[in-house]
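Each remark here refers to the structure printed beneath this line.
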Amino acid sequence: MTDPDRSAPDGDRAGTDRFAATVAELTGDATPPVDRRRLLGRLVEQLRRRGVTELFKPAAAGRWLVQAVADVAPYLPVRDLATLRRHHPGLDDEELAERLIRNASRVSAGIGAAGGGVSAVQWTVTPTLLSAPVLLAAETVAVVAVELKLVGELHQVYGVPVPGAGTERAVNMIHAWANQRGVNPMVPGVGVGAVLGTAARRELGELLLRRFGRNLTTLGPFLTGAAVASYLNRRATRALADRVRADLRSQRRALGLMHPPAPPAIGGVRPRPE
């Protein structure tokens, strides 16, 4: 797993930084569709430069995807609670969580639509413009990054921030994503020294391969692939978030944590969620 807190060869570090920056942009909920398609195309090129021969070997594709997700996870711009409140003023905890889930679901849907739109070019120009496995890998990594960021921010909302920083926090978010549960700070072994061991990497690889296979809908002819991929991505992100959210609610009740209500807007009336 690449650690942004440790030194790395300049070329490798620069490539990882560019790759992570592209994925981080794709996770933004204000990115216009035209820019999302452009960013996805850029990500495809960056993944090609990382070496993609593993994607054509089923036994190795899972390991390749795990490493790609592990490389980008420490760089994801997970906002703390104060920043989330500033970006979404006047919402209580449940409304804020719902807004984050709604926005993330829209982003993952948008990535599916962008992937379908890019792949549609293959049906009207030439199938050699993009290698299908690379496009599917780019979409898989981008959607998982959206969901990892959402997992981290839901932990902030429910008063149990993912422990650690840098790689340690990234590993904890990956575990929470894979298990579809919140990180329990009371469980021994979560926190300092958390690592993706061999068994965890194997399990994560299997999960990512299932996502990779689901994204085959992106390659449907014309824009049918975009529509189906958008729907499936939105549904999967919502389902994951609902499970993590339910677990975090239970943790908060068990720990007796409760945030004070969000301050009212001018006039004492909070705006209704969009």
Side-chain angles (χ1 to χ4, degrees), residues 23-31 73-111 142-166 168-191 194 233-274:
V23 175
E25 281 192 73
L26 275 165
T27 67
D29 54 24
T31 304
Y75 297 83
L76 293 175
V78 176
R79 293 166 290 186
D80 60 20
L81 184 59
T83 303
L84 290 170
R85 293 251 186 249
R86 190 165 62 251
H87 289 174
H88 304 283
L91 303 182
D92 64 26
D93 290 350
E94 291 300 327
E95 291 169 340
L96 178 56
E98 182 59 33
R99 180 70 61 83
L100 296 177
I101 293 170
R102 184 201 67 178
N103 288 352
S105 298
R106 288 178 175 177
V107 172
S108 61
I111 291 170
V143 171
V144 171
V146 170
E147 294 175 351
L148 287 172
K149 178 183 175 183
L150 175 60
V151 165
E153 293 183 347
L154 286 175
H155 278 75
Q156 291 284 338
V157 172
Y158 286 101
V160 282
V162 177
E168 182 185 335
R169 184 181 67 166
V171 169
N172 283 323
M173 288 195 304
I174 289 171
H175 277 297
W177 178 88
N179 295 323
Q180 300 194 8
R181 296 176 62 90
V183 175
N184 189 339
M186 306 303 291
V187 175
V190 174
N233 282 356
R234 182 193 298 265
R235 186 179 68 175
T237 298
R238 162 61 73 171
L240 166 77
D242 285 344
R243 293 189 186 100
V244 172
R245 184 185 191 181
D247 192 59
L248 289 171
R249 282 173 175 156
S250 298
Q251 283 192 36
R252 183 160 74 171
R253 285 194 296 268
L255 295 171
L257 296 173
M258 185 64 67
H259 289 139
I266 297 175
V269 178
R270 287 190 293 108
R272 294 178 60 187
E274 296 175 5

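Predicted model, so just to flag it, every value in this text is computed and none were measured. Residue numbers run from 1 in the order of the sequence given.
The shortest heavy-atom contact between Thr237 and Ser108 is OG1-OG, 2.8 Å. Between Ala176 and Val151, the shortest heavy-atom distance links the atoms CB-CG1, 3.8 Å. Among all heavy-atom pairs drawn from Arg181 and Val244, the shortest one is N-CG2, 4.0 Å. Listed here is the closest heavy atom pair of Gly28 and Val107: O-CG2, 3.6 Å. Here the shortest heavy-atom pairing between Ile111 and Asn233 reads C-ND2, 4.4 Å. Taking each heavy atom of Leu148 and Ala73 in turn, the nearest pair found is CD1-CB, 4.2 Å.
Applying the side-chain contact (heavy atoms from CB on, under 4.5 Å) criterion to Glu94, with sequence neighbours excluded, gives Asp92, Tyr158, Arg245, Arg249, Arg252. Applying the salt bridge (charged side-chain N to carboxylate O under 4.0 Å, His left out) rule to Asp80 yields no partners; only residues at least two apart in sequence or on another chain are considered. Partners of Arg79 by salt bridge (charged side-chain N to carboxylate O under 4.0 Å, His left out), not counting sequence neighbours, listed by chain and number: Glu153. In this structure, the side chain to side chain donor-acceptor pair (under 3.5 Å) partners of Asp242, at least two apart in sequence or on a different chain, are Arg238.
The CG atom of Leu81 lies 10.5 Å from the CZ atom of Arg86; values are rounded to the nearest 0.5 Å. Note: Leu100 CG to Lys149 NZ = 9.0 Å, rounded to the nearest 0.5 Å. Between the CG atom of Asp247 and the CG atom of Leu154 there is a distance of 11.5 Å, given to the nearest 0.5 Å.
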- Please step through side-chain contact (heavy atoms from CB on, under 4.5 Å) for the pair Arg234 and Arg106, ending with a clear verdict. CA-CA 6 Å; Arg234 182 193 298 265; Arg106 288 178 175 177; 3.7 Å; yes

- Task: Check the pair Ser105, Arg102 against side-chain contact (heavy atoms from CB on, under 4.5 Å), reporting the backbone distance first and the verdict last.
- Result: CA-CA 5 Å; Ser105 298; Arg102 184 201 67 178; 5.9 Å; no

- Task: Given side-chain contact (heavy atoms from CB on, under 4.5 Å), test Asn103 with His88 step by step and report yes or no.
- Result: CA-CA 12 Å; Asn103 288 352; His88 304 283; 3.7 Å; yes

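The side-chain heavy atoms of Ile101 and Leu150, taken from C-beta on, include a pair separated by under 4.5 Å.
A donor-acceptor pair is defined here as one N or O able to donate and one able to accept, closer than 3.5 Å; such a pair exists between the side chain of Asn172 and the backbone of Pro163. Side-chain atoms of His155 come within 3.5 Å of backbone atoms of Val183 as a donor-acceptor pair (strictly under, hydrogens ignored). With hydrogens and angles disregarded, no donor-acceptor distance shorter than 3.5 Å links the side chain of Thr31 to the backbone of Thr27.
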